[in-house]
Structure formats: C-alpha cells, structure tokens
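Note on naming: letters A, B, ... go to the chains in the order of the sequence lines (proteins, then strands), and numbering restarts at 1 for each one.
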Amino acid sequence: MDKIIEILQSIRDDVDFDTEDALVDNGIFDSFDIVGLVSELKAEYDIEIPIEDLTPENFNSAETIYNLVERILNED
Amino acid sequence: MSFTSLEFIGFLLAVVVLYYIVPKKYRWIELLVASYTFYLINGIPQIAFIIATTLITYFAAIIMQKRRDRYKAELDAVRDQITKEEKQVMKKTANSYIHTVQVLAVLADLIILAVVKYLGFVLDNVNSVFASFNSDFSLTLPHIIVPLGISFYTFASMGYLIDIGRGKYNAERNVAKLALFVSFFPTIIQGPICRFDEVAPGLFEGHELKYDNLKFGAQLIMWGFFKKMVIADRAALYVTEVFSTGYDKYSGTALFFGMFMYAVQIYGDFSGGIDIARGAAQMMGIELPNNFERPYFSQSVAEYWRRWHITLGAWMREYVFFPIMLSKPVSGLSKKARKVSAYLAKMVPSVITPFIVFILIGIWHGASWKYVAFGLYNAIIVASSVALDPVFDKLNKLLKINTEAFSWRVFRIIRTFLILGVSKILVKAPSLTTAIDILRKIFTEADLNFFKLTQESEIFSIGINPANMLVLAFGVFILFVTSCFQESGIHIRESLAKQNLVFRWVIYIIALILILVFGMYGSAYNAADFIYKAY
Amino acid sequence: MNKKQIIRTVAFLLLVGVLLYFLCDLFEYGNNYITKRYKTYKSFEENTVDGVFIGTSGVDRYWIAPQAYEEYGMTVYPFSVDALPSWLVIDMIKEARKYQNPQLIMIDIRPFASPVSPDKTLTENRAKRVIDMLDFFSPLRIDAIKRTDEVMTEKYSDYDTDIITYYLTFINSHNKWDSEDFTFDDIGSTKSTHLGMYFVKKFISKKKLEPFKAYTGTKELDPINEKYLNELLDYIEAEGLNVLFIDTPHNMKEEVAMQSNRVCEILNDRGIACINYNTAEGLAACDFDYKNDFYEGSHTNFYGATKFTNVLSKYISENYQLPDRRGDEACEEWNGVYERTLKTIKKWEKAKAKK
C-alpha cells in the first residue's frame with residue numbers, strides 16, 4: 001500500500017493520498033495521469049491492467065487502486 | 001419527428017401508457033416496437049441500415065462469446081494438468097480469434113457509417129483534385145439520406161463489440177433485445193451514447209409504475225422544452241442571420257456576440273434534447289447516462305470535454321485514447337523517448353494521442369474540412385496545455401498566483417469559454433474560409449456602439465427585436481442560476497419536491513406559461529431543427 | 001401509485017386545462033374590437049335586439065346602430081367579423097339566433113362575392129377570427145372548425161395544418177405577445193361602448209377617391225362560395241327567416257362586382273330580398289362625396305357611414321315593422337349612445353385639426 005502511495009506521490013506531489021477518495025471524480029487525476037499511473041504500476045508489479053478496469057471506481061483512491069492491483073495479481 | 005413537436009408528445013404519451021398496460025415481462029418488447037415504429041416514421045428505407053448494423057453486431061458478439069465460452073470450458077477441463085505457459089498459449093489463441101472477429105465486425109459497422117456519411121465528402125475532394133489537373137473525370141454518388149442517429153447507434157454498437165471482445169460481460173443472446181439497445185427511441189435522435197451493461201438492466205426489466213418516475217421524468221422533459229424552445233430557438237434567430245453568407249455586413253463585435261449566442265443556442269438545443277430523451281426514458285423507469293454537466297463552467301478545454309457530450313468523450317477515452325496510449329507501439333515510442341528525457345517520455349504519447357482523438361471527434365461531427373479544423377484546433381489546445389503544464393506551473397509560482405482563489409477560477413472559466421468560442425465559430429460558419437474571415441473581423445473590426453442598447457442599435461437588427469432579446473436574456477438568466485445550483489450539488493427536481501405544494505405548482509404553471517407563450521413554435525416560426533439530428 | 005398521487009395528478013392536469021383555456025382567450029387570433037362587439041351582443045337582455053346585420057367589415061364600418069336607434073328606435077346590431085368567410089356566415093347567423101330572436105336578418109353579400117384567396121395562410125387566418133371569437137366550448141365553434149378544415153382540405157393541395165391548432169389557437173397566435181395590439185384588456189368581457197360600430201380614430205380619416213363605377217354583367221361565383229351560399233339559402237328557407245341581403249357600397253374590381261351582381265341574380269331567382277348599393281341607383285341614393293366619405297376604397301368612414309345608415313334605416317322603417325324600442329326599459333343601454341358617439345367624434349376631429 002505504501003508503495004502505491006509512493007507512486008501516486010511521484011505523479012502528483014500536492015495531494016494527500018491517505019484521505020483523498022475522489023481522485024477521478026474531482027478531476028484531480030485526468031486521463032493522462034491515469035495512463036502514467038498504469039505505466040508505473042506495470043513497471044513496478046509487472047501486471048497488465050485491462051482497459052475496462054480503468055474506471056473512476058477503481059482509481060478514485062489509493063485504497064481502490066491497491067485493491068485493483070491485488071486482484072489482478074491474484075488472477076490466474 | 002422532432003422532439004419538440006405535438007406529434008412526439010402524443011407518441012410519447014401513447015408509448016408510456018402502453019408500457020404500463022403491457023405485462024411486466026413483455027414491457028421491453030413494447031419498447032422495441034415503439035422504437036422501430038419511431039424509426040419507420042422518420043423514413044422507411046433507412047431501416048435497412050440500422051437492421052444491418054444490429055445483425056452484424058449481434059452475430060459477431062455471439063461468435064466471440066462462443067469462442068470465449070469454449071476457451072473457458074477447455075481451460076477448466078485441464079486447469080490442474082497444464083503449465084502456466086500452456087495456459088498462456090490457450091489464452092492467446094482464443095484472444096487472437098476473438099480479437100479478429102471484433103476488429104472485422106467493428107470495421108463492418110464503421111464502413112456502413114463511413115459510406116453513408118463520408119463518402120460524399122471524400123469523392124468531392126477527389127473530384128476537385130482531378131479538376132485541378134483539368135481532368136473531366138469525376139465520381140458521383142447516388143444520393144443517400146443519412147439514417148437517423150447512425151453516428152450514435154453505430155458507436156453504441158461498436159462499444160458493445162469491443163466490450164464483448166474484452167470479455168467485460170456476456171453477449172446478449174436475444175437478437176431482439178440487442179435490437180432494442182441499438183434502436184431505443186429516446187437515444188436515437190442525439191444520444192446519449194450508452195454502454196450496454198449500463199442500460200441493459202433498465203431496458204429489459206419491466207418497471208413498476210412509480211409516481212416519482214412519471215413526475216421527475218415529465219419535469220425533465222419540460223426543462224428540455226424550455227431550453228430548446230424558449231432559449232435555443234430564439235438565440236437561433238440571431239445566430240443563423242449573423243453567421244449566414246451575409247455575415248460580411250455585420251461588425252466584428254456583432255460576430256463576437258454571435259459567438260456567445262451560438263454557445264447559448266447549441267447548449268440549449270443539445271442539452272435540451274438530451275433532457276427530453278432522459279426524461280422520456282425516466283417516465284418508464286429507465287435511467288440514461290447524463291451527457292452534460294454545466295460545460296461552460298469548465299476551467300480548461302480538457303475539462304470541457306469531460307462536461308460536454310460526456311458520453312462521446314467517455315467513448316473516445318475508453319475505446320480510442322486508452323487503447324492507443326497503452327498500446328505496444330506507443331509504449332515502445334515512449335520508452336525510446338525516455339532515453340532522451342523523462343519529460344519527453346511522458347509528452348510524446350500525450351501529445352500524439354489527443355490529435356488522433358480530437359480529429360476523430362471533429363469528423364464525427366460532420367463530413368467537412370471545417371470539422372477537421374475544429375478537431376485540430378481542440379487537439380492543439382489540449383496537447384499544448386499538457387506539454388506546457390510545467391511552464392504554466394512555474395509561471396503561476398513566479399507571479400504568486402493563488403490558484404485556489406475564486407477569481408482565478410473565474411478567469412480560467414472565461415478564458416476557456418473564449419478559447420472554445422473560436423472552435424465553435426469554426427463549426428458554425430458556412431465554411432472554413434468564412435470562419436477564418438469571421439475570426440479576422442472579430443479581432444480587427446470592433447464596434448463598441450454595438451452595446452449601446454437603443455432601438456437602432458445593430459444588436460437589434462440581426463433577427464431579434466428588443467422584446468425577444470429580453471425574453472432570451474431572462475431565459476439565459478434562469479439557466480445560469482439553475483446551473484449554479486446544480487454546480488454546488490443541489491438536485492433541482494428533488495429539492496423542488498421537498499417544497500410546499502402551492503410553491504411547486506406555481507413553479508410548474510409558470511414554467512408551462514413560459515414555454516407556451518414564449519416558445520418558438522407554431523406557424524409564425526421556423527423552429528430550428530435539432531442540430532444533431534442528422535448525425 | 002397511491003390514491004393521493006392520483007388525485008394530485010388529476011388536479012394538476014385540470015389546472016393545466018384551465019391554463020390552456022386562459023391562453024386561448026388571451027391569444028385569440030382576431031382584433032380586440034371583434035370580440036368586444038360579440039361580447040356586447042351576448043350581454044343584451046333577451047328579446048331586445050330586433051335586427052342583426054351579419055357580415056364582414058362591410059357591415060360595421062357602415063351601420064351606425066346608435067344613429068338608427070336615435071332616429072327610429074330600431075335595435076339593429078352589426079354582428080360582423082372582418083373578412084368573414086362564406087362558409088361561416090351560417091354559423092354567425094346561428095350564433096346570433098342563440099341569444100336573440102331578430103325579426104330581420106340582414107346579410108352582407110361580400111363573403112360570397114370575393115373569391116377565396118389563393119393564399120392558404122390568409123384564408124386560414126380569416127376563419128380563425130370567427131373560431132377564436134366563438135365560445136370555447138360551443139358546438140358552433142366545433143362546427144366552424146370542421147367546416148374550415150373541410151374547405152382548406154378541398155381548396156389547398158398543400159394544406160397541412162394540424163386541426164388541433166384551431167381548437168387551441170394560441171399555438172399559432174401566442175407570438176402576439178410582443179406585438180403592439182396585445183394588451184391585457186383582451187381578457188374577459190369588455191363591452192363595446194358604441195353598440196358594435198367600428199370605433200377607432202382611423203374612422204374619421206378621409207381618402208380622396210374617384211367615384212365608384214357601377215358594373216353590370218355577371219360572373220360565375222367561386223365554387224366554394226356558391227356551395228355555401230346555396231346551403232345558406234336552403235337554411236333560410238327551411239327556417240322561414242326574414243332576410244335582406246345587402247351589398248354595401250365600395251370600390252370593386254370589375255370581376256368582383258360581377259360576382260356580386262351574380263349573387264343578387266341568384267337571390268332574385270329564389271325570391272329573396274336583396275339590395276345592391278353598388279348599382280347606379282344604389283350609389284346615387286347614398287349620394288356620397290368621394291373626397292370626404294371614405295377612409296379607403298372598401299370602407300366608408302364615419303361621415304359616409306352616417307349617410308349610409310340614413311338611407312338604410314329609412315328603407316327598413318318603410319319596409320319592415322321593427323318596433324320602436326325607445327322607452328323600453330330593457331333597452332336602456334341603447335339610450336344616449338348616439339350622443340356620446342357624436343361627442344367623441346367631435347373630440348377626435350378637434351385633436352386632428354390641431355396636428
């Protein structure tokens with residue numbers, strides 16, 4: 001989880017990712033940021049995040065992002 | 001059949017009443033019949049196109065689903081007996097087959113759209129190339145009437161195909177149900193572009209008669225009528241005149257004001273139509289996605305495209321932007337750029353992709369060079385704002401600008417509005433060359449006397465007399481106030497429902513009076529057709 | 001949906017119905033004075049109006065009811081609508097007979113002599129004046145709408161008006177809200193204060209004209225006019241009505257004058273009384289001063305109307321036995337109207353002279 005937050009901080013250093021839970025809905029993260037994040041996550045965890053998972057629900061907070069990564073890692 | 005016509009009101013009433021009479025499990029069939037009836041009323045031969053797209057989409061999805069099911073069954077049978085690498089191979093084989101079917105089907109749907117909408121444009125340009133070589137050779141196309149809503153239903157179908165290709169959900173087994181998704185009459189005129197998994201439950205489950213659905217739906221329809229008939233059609237009087245081929249006789253300021261009027265008109269017209277569509281669906285308990293979120297409050301062009309024609313932007317993001325940005329070629333390019341600098345690694349894809357997306361958005365709007373210019377213009381703005389982001393950041397810090405301040409936000413809103421105003425002129429002007437000339441006039445031929453509000457003032461000689469201008473201003477004011485409420489999170493219809501009966505009824509009656517008296521309908525007016533109807 | 005919600009919905013829909021009715025009243029097609037004239041007629045006590053003069057503006061610009069009453073005590077009312085179409089004359093008569101029992105019914109010939117216009121919007125609007133004037137729920141209004149729809153369908157191949165726009169005429173007239181002649185006086189009953197005569201300042205203006213020509217010879221009528229004239233005559237004969245057709249003096253093209261003559265010919269053939277003031281004798285009887293007595297070629301002004309009313313009321317007094325209603329309590333409101341009329345005319349003349 002800390003690693004997730006570290007990656008997020010490297011994209012936007014002015015957001016408190018411990019508390020922010022509407023990253024996409026509040027327009028803090030736009031599509032470009034999401035793409036950047038996905039690349040970083042791919043580099044860090046060696047996972048492919050399918051495009052249909054690039055939803056506000058999955059990317060609104062550090063926690064949901066963490067859950068998404070966990071889920072993909074545990075998939076067959 | 002226009003949304004703002006007596007025929008449509010009568011049609012909708014009949015459909016709603018029948019919906020609740022028919023037993024719950026057949027209600028979706030009633031909707032299908034209603035949708036096809038609606039489509040046929042608008043033109044009988046064109047039904048062939050929507051049926052073609054529906055069938056192609058249906059069969060392709062079934063084929064993909066069958067292959068995926070087979071893959072899953074085979075995998076289950078041998079799951080514990082094979083290695084991870086072998087599993088990967090199975091997956092890859094299945095996916096590549098599915099992917100091929102998906103691409104072919106999407107291409108087929110797209111070709112139908114392209115031929116109907118764009119072949120004429122392409123041939124015109126080919127012909128002018130030949131003409132410039134003094135050749136007599138020219139190609140002609142038989143006149144095809146553009147089928148109603150082809151851009152909308154084709155995109156909805158392609159989205160469905162791609163979703164099935166990705167395995168997001170299972171293909172619809174019932175061709176009639178898929179046909180309903182493609183042809184659902186509230187969405188056929190001008191969207192919203194729906195995702196199958198979002199609307200399917202609503203469409204196919206019969207809904208119980210709920211008072212709130214009828215009420216809120218009817219109110220939303222009324223609000224749509226107000227925006228279209230009182231505001232948009234009235235602003236259209238000025239806009240059509242000032243951006244006609246006679247634009248030359250008007251001052252630069254008149255044209256500048258025309259830009260505002262057009263912004264008002266296109267918003268009232270499009271969002272009003274969407275309200276009518278969503279309200280109609282709501283009356284039957286079906287929820288359609290929102291397509292507008294106060295777009296003129298956007299602080300950047302990128303934000304604007306998240307608030308304007310939301311479903312188109314979302315479609316582009318899901319099916320064009322992300323796939324391109326995350327595709328191997330682009331990632332590869334990005335890696336190569338990383339060798340030069342990290343900044344470039346981020347910039348290269350972020351600059352190229354908007355061009356692709358926005359040019360697509362541009363030509364989605366129409367087959368003309370001015371739409372290409374429109375797309376390019378938006379692309380340049382968005383791409384450069386991404387590329388120059390660090391520069392602006394430093395500038396703000398240098399000038400000690402408080403980016404949280406309300407005044408700064410207002411500045412950004414106005415700036416965005418004006419930037420987009422230019423793009424709107426590109427679309428509204430009769431042609432690209434006139435658009436450029438209009439822009440030239442705006443910047444060079446100012447005439448501040450325009451704003452002197454006397455009887456002889458130029459502002460009242462362009463289609464709208466003072467009385468109508470007043471009504472328009474009043475309408476825009478109401479729209480503005482409502483938007484401010486909505487922007488702060490207040491849901492108008494729900495809050496209204498909480499007020500006293502007398503207050504509510506007074507509001508409804510006043511709204512009805514405003515629409516009936518000041519609406520631009522009846523033989524005295526040529527109501528502007530929905531601008532997006534032929535898309 | 002529970003009971004309370006159903007009641008609320010129904011109540012709201014009723015409220016909307018009232019609103020639509022109100023809007024129809026507010027945005028009727030015709031001019032204010034037409035409705036005022038009509039509402040005044042409706043307001044008279046039963047059995048006080050002994051004569052009605054049905055027709056176009058060729059009636060109310062010519063017949064000064066207060067003058068005839070002042071001179072002879074006859075209560076003859078101008079029950080007219082501008083450019084009344086031929087197929088609605090019968091409805092006007094029926095409407096007049098709903099409220100009163102006139103002994104004499106005078107009918108303007110102009111609806112039958114002027115061919116139906118090739119402009120379908122113009123024709124439709126002329127019918128709307130009558131349709132909007134009549135009571136919203138009256139069967140005659142529905143009849144007028146049906147007839148108009150029939151005529152429009154028959155005559156115009158590109159007729160595409162929704163019949164609902166006749167029932168709810170505000171659909172096409174609501175744009176009146178920004179026109180100068182729209183006022184809130186238009187709501188409710190506002191009675192004419194001069195017994196239905198045309199009473200606006202324009203009425204004292206003068207246009208210098210050449211003396212009218214009296215054309216002889218006849219021409220076949222517009223088939224629509226002929227059809228509805230015959231229908232009207234059948235009705236008159238069936239009901240045994242006492243009628244007098246009149247063509248008030250005005251400047252006409254020869255072909256219209258010839259159709260007017262044809263109407264008189266038809267009437268004579270059927271033994272129905274008719275006076276054509278556009279013949280040489282008729283014009284001589286009126287003794288007009290063509291520089292003084294008209295505000296335009298088709299209408300007399302106040303001065304010409306005074307002369308005409310003299311001539312016609314004398315004719316009526318000599319040939320019909322209309323009671324002298326002076327002293328009749330029920331006709332109280334007819335008293336003193338002529339005096340008031342002359343006073344206002346003098347005021348207008350003074351104001352005009354100052355300019």
Q) Do A/Phe59 and A/Phe29 have ring centroids that are under 6.0 Å from one another? A)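 Between A/Phe59 and A/Phe29, which both carry aromatic rings, the centre distance is not below 6.0 Å.
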
**Q.** Top of A/Ser31, A/Ser39, A/Gly36, A/Pro50 for chain B proximity - count of heavy-atom pairs under 4.5 angstrom
**A.**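 Most heavy-atom pairs within the cutoff with chain B belong to A/Ser31.
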
(Q) Between A/Glu6 and A/Glu44, is there a side-chain heavy-atom distance shorter than 4.5 Å? (A)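 Not in contact.
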
Atom group of [X] that falls short of 4.5 Å from chain A, counting heavy atoms:
X        : value
B/Glu318 : both
B/Pro349 : neither
B/Phe321 : side chain
B/Arg166 : both

Q | Between B/Asn396 and B/Trp408: side-chain donor-acceptor atoms closer than 3.5 Å | A |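 Note: B/Asn396 and B/Trp408 side chains miss the donor-acceptor criterion.
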
Q. Could you state the interatomic distance from CD1 (A/Ile65) to CD1 (A/Ile4), rounded to the nearest 0.5 Å?
A.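 Interatomic distance, A/Ile65 CD1 to A/Ile4 CD1, rounded to 0.5 Å: 7.0 Å.
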
Q: Enter the distance from A/Phe17:CZ to A/Asp2:CG here, rounded to the nearest 0.5 Å.
A: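 A/Phe17 CZ to A/Asp2 CG: 14.0 Å, rounded to 0.5 Å.
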
